[in-house]
Each structure stands twice: as C-alpha cells, then as structure tokens.
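Comments concern the structure below.
Start at 1 with the first residue, then count along the sequence.
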Amino acid sequence: MKDPVIIEPYNDSWPNLFNELRTQIVKKIGSDVHRVDHIGSTSVVGLAAKSIIDIQISVRDLGNIETIISGLASLGYRYRSDNDDLTKRYFRESPGMSRTHIHVRQAGSWSEQFNLLFRDYLRTHEDDRDQYSRTKYELANRYRDQREQYVDAKTEIVWDIIKKANTWSQKIGWKPSKADL
C-alpha cells in the first residue's frame with residue numbers, strides 16, 4: 001500500500017531538517033558536488049506541503065556519479081535505478097529514516113534550473129504560493145489514496161506558475177541564488 005497524500009501547513013522545522021541532512025551529505029560527498037539546494041514545497045516558507053524534504057544535488061557530470069551513489073548509500077539513502085526520469089538520479093530514505101527525496105542533476109541543466117526558479121518564484125510571490133497551497137489541499141482531499149493522480153492533477157498549476165516565473169525571471173535577470181552548500 002502506498003502512503004496517502006497528506007498536506008500539512010508549513011512547518012518551521014523543515015529548513016532545520018534540510019540543514020542537518022545537507023551537513024551529512026556535504027561531509028560525505030562534498031568534493032563531488034557543485035551545489036546542494038533545498039527544493040520542493042518544504043523549501044518555501046508559508047507553503048503547505050507533504051512532509052518530505054527534497055534535496056537537489058547538482059553535479060558536474062551526471063554520468064559519473066558512482067562516488068555519490070556509494071556516499072549516499074553509506075548515509076542510508078537508496079539509489080532508485082528504476083526511476084524513469086533520465087534528467088536525474090534519484091534516491092530515497094531507508095526504512096526508519098525521515099522522508100527524503102534526493103534528486104541528483106547535471107549542474108546548469110534545464111531540470112536543475114526549473115526547480116530552482118520554481119522555488120525562488122514561490123518564495124517571493126505570496127499570492128501564487130497561497131493559490132498553490134489551496135490547490136494542493138483540494139487535490140490531496142480528492143486523491144488522498146491515489147498519489148499518481150494527485151501529481152498529475154498538479155501539472156496545470158505548476159505550469160501556470162512556471163510561466164509566470166519565466167516572465168519574472170526575465171524582468172529581474174534571475175539567476176540561481178547562492179547554493180545552500
């Protein structure tokens with residue numbers, strides 16, 4: 001059985017959880033990474049979210065990450081080789097650990113930049129952040145035990161937000177903020 005989709009109000013402990021995990025990751029594999037960032041809904045103050053910490057590790061060469069795989073494994077993260085998103089390498093926590101999704105992406109790639117832009121835009125646009133929260137609550141109520149349908153149903157609002165974020169990025173000359181690394 002898959003876990004139900006449960007959206008919670010923003011939790012002030014999420015950045016601290018990220019920082020603890022980031023510290024462990026950097027100690028173990030820091031020399032092999034370009035940047036480490038807190039992404040996803042838990043990285044946006046005030047945004048409701050599933051209580052899952054998403055971490056993006058940017059690397060110079062996505063095809064050469066054996067040391068990252070072994071380093072993350074030593075911290076208890078399992079490499080998900082069955083992940084069908086070829087723009088990243090994906091890791092999950094082992095049983096008993098706090099829910100964590102680790103996305104290893106090529107530095108400078110579109111998928112890396114997409115996640116950083118989406119996060120940065122929501123951090124600075126309260127109305128869109130709040131609309132996204134409301135939508136997530138509505139969809140979680142509708143698809144509580146259907147995680148894939150929940151994710152699919154978010155697609156429209158995510159693309160609406162990223163279109164706004166793209167326009168915003170051009171107006172301000174956006175570039176990713178300094179890495180959390």
Side-chain angles (χ1 to χ4, degrees), residues 1-18 20-22 25 36-58 62 65 69 72-73 75-106 109-166:
M1 177 173 156
K2 293 186 178 184
D3 294 331
V5 177
I6 299 172
I7 302 297
E8 304 175 8
Y10 180 78
N11 186 323
D12 288 330
S13 72
W14 290 335
N16 294 331
L17 290 171
F18 164 75
E20 291 170 13
L21 297 170
R22 176 189 46 85
I25 291 167
V36 177
D37 291 283
H38 188 185
I39 61 167
S41 295
T42 61
S43 72
V44 179
V45 173
L47 182 59
K50 297 184 302 294
S51 188
I52 300 170
I53 303 299
D54 283 283
I55 298 172
Q56 179 168 270
I57 300 174
S58 301
L62 189 59
I65 65 163
I69 292 172
L72 290 176
L75 294 172
Y77 297 100
R78 297 174 294 150
Y79 176 52
R80 302 289 296 266
S81 61
D82 60 342
N83 175 52
D84 59 358
D85 181 351
L86 299 180
T87 68
K88 69 180 179 183
R89 303 300 176 262
Y90 182 59
F91 298 79
R92 288 285 307 272
E93 75 285 347
S94 294
M97 295 175 67
S98 62
R99 290 289 306 270
T100 308
H101 295 176
I102 299 177
H103 314 264
V104 179
R105 293 188 168 102
Q106 183 84 34
S109 69
W110 187 85
S111 59
E112 178 212 35
Q113 299 294 299
F114 178 99
N115 284 280
L116 296 173
L117 176 59
F118 190 78
R119 176 201 66 190
D120 290 354
Y121 179 81
L122 288 176
R123 283 178 171 176
T124 58
H125 291 81
E126 186 176 326
D127 290 344
D128 289 315
R129 180 201 70 205
D130 292 347
Q131 177 60 44
Y132 189 40
S133 285
R134 287 189 296 274
T135 301
K136 289 167 56 168
Y137 276 120
E138 291 168 13
L139 296 174
N141 286 334
R142 187 178 312 153
Y143 300 111
R144 181 177 176 85
D145 296 313
Q146 302 165 322
R147 187 171 292 271
E148 283 136 17
Q149 286 88 341
Y150 166 80
V151 171
D152 289 345
K154 287 192 321 177
T155 300
E156 183 177 347
I157 192 167
V158 167
W159 282 107
D160 286 346
I161 291 169
I162 204 66
K163 284 189 266 185
K164 291 177 184 180
N166 181 55

Heavy-atom side-chain contact between R22 and I55 under 4.5 Å: no

S133 to G46 - nearest heavy-atom pair and separation: OG-O, 4.1 Å

Side chains of R92 and Y77 in contact at under 4.5 Å (non-hydrogen atoms): no

Within-4.5 Å side-chain heavy-atom neighbours: I161 and Q131: no

4.5 Å side-chain heavy-atom contact, T42 and I52: no

Sequence neighbours excluded and cut-off under 3.5 Å, please list the side-chain donor-acceptor pairs for residues 5-13, or say none.
residue: N11; atom: OD1; partner: S13; partner atom: N; Å: 2.7
residue: N11; atom: OD1; partner: S13; partner atom: OG; Å: 2.7

Atom of S58, atom of E112 and distance for their closest heavy-atom approach: OG-OE2, 2.6 Å

Under 3.5 Å: donor-acceptor pair, side chain of R123, backbone of S43: yes

Within the 6.0 Å centroid threshold, strictly below: Y132 and F118: yes

From CD (Q146) to CG (L139), nearest 0.5 Å: 11.5 Å

Separation of H38 NE2 from Q56 CD (nearest 0.5 Å): 11.5 Å

Main-chain N/O of E93 paired to R78 side chain as donor or acceptor, under 3.5 Å: yes

Donor-acceptor under 3.5 Å (S41 side chain, L47 main chain): no

4.5 Å side-chain heavy-atom contact, D152 and Q149: no

From OG1 (T155) to CG (D160), nearest 0.5 Å: 11.0 Å

Any K154 side-chain heavy atom under 4.5 Å of T135 side chain: no

R119 vs D37, side-chain contact (heavy atoms from CB on, under 4.5 Å): CA-CA, chis, key distance, verdict: CA-CA 10 Å; R119 176 201 66 190; D37 291 283; 3.7 Å; yes

Spacing of CD1 belonging to I57 relative to CG belonging to L62, to within rounding of 0.5 Å: 11.5 Å

side-chain contact (heavy atoms from CB on, under 4.5 Å) between K136 and Y150, intermediate numbers included: CA-CA 8 Å; K136 289 167 56 168; Y150 166 80; 3.6 Å; yes

Side chains of V104 and F91 in contact at under 4.5 Å (non-hydrogen atoms): yes

Validation row: I53, E20 side chains within 4.5 angstrom (heavy atoms): no

Rounded distance (nearest 0.5 Å) linking atom CG of L122 with atom NZ of K164: 10.0 Å

Aromatic contact, W14 with F18 (centres under 6.0 Å): no

Criterion side-chain contact (heavy atoms from CB on, under 4.5 Å) on H103 and N115, from CA distance to verdict: CA-CA 10 Å; H103 314 264; N115 284 280; over 6 Å; no

Neighbour count >12 (heavy atoms, 6.0 Å) for atom CG, N16: yes

Residues D3, K50; criterion salt bridge (charged side-chain N to carboxylate O under 4.0 Å, His left out); working and verdict: CA-CA 11 Å; D3 294 331; K50 297 184 302 294; over 6 Å; no

Stepwise side-chain contact (heavy atoms from CB on, under 4.5 Å) test for R105 and I39: CA-CA 12 Å; R105 293 188 168 102; I39 61 167; 3.8 Å; yes

D85 and Y90 side chains, donor-acceptor separation under 3.5 Å: no

Reported CG-to-NE2 distance for the pair D54 and H101, which is rounded to 0.5 angstrom: 6.5 Å

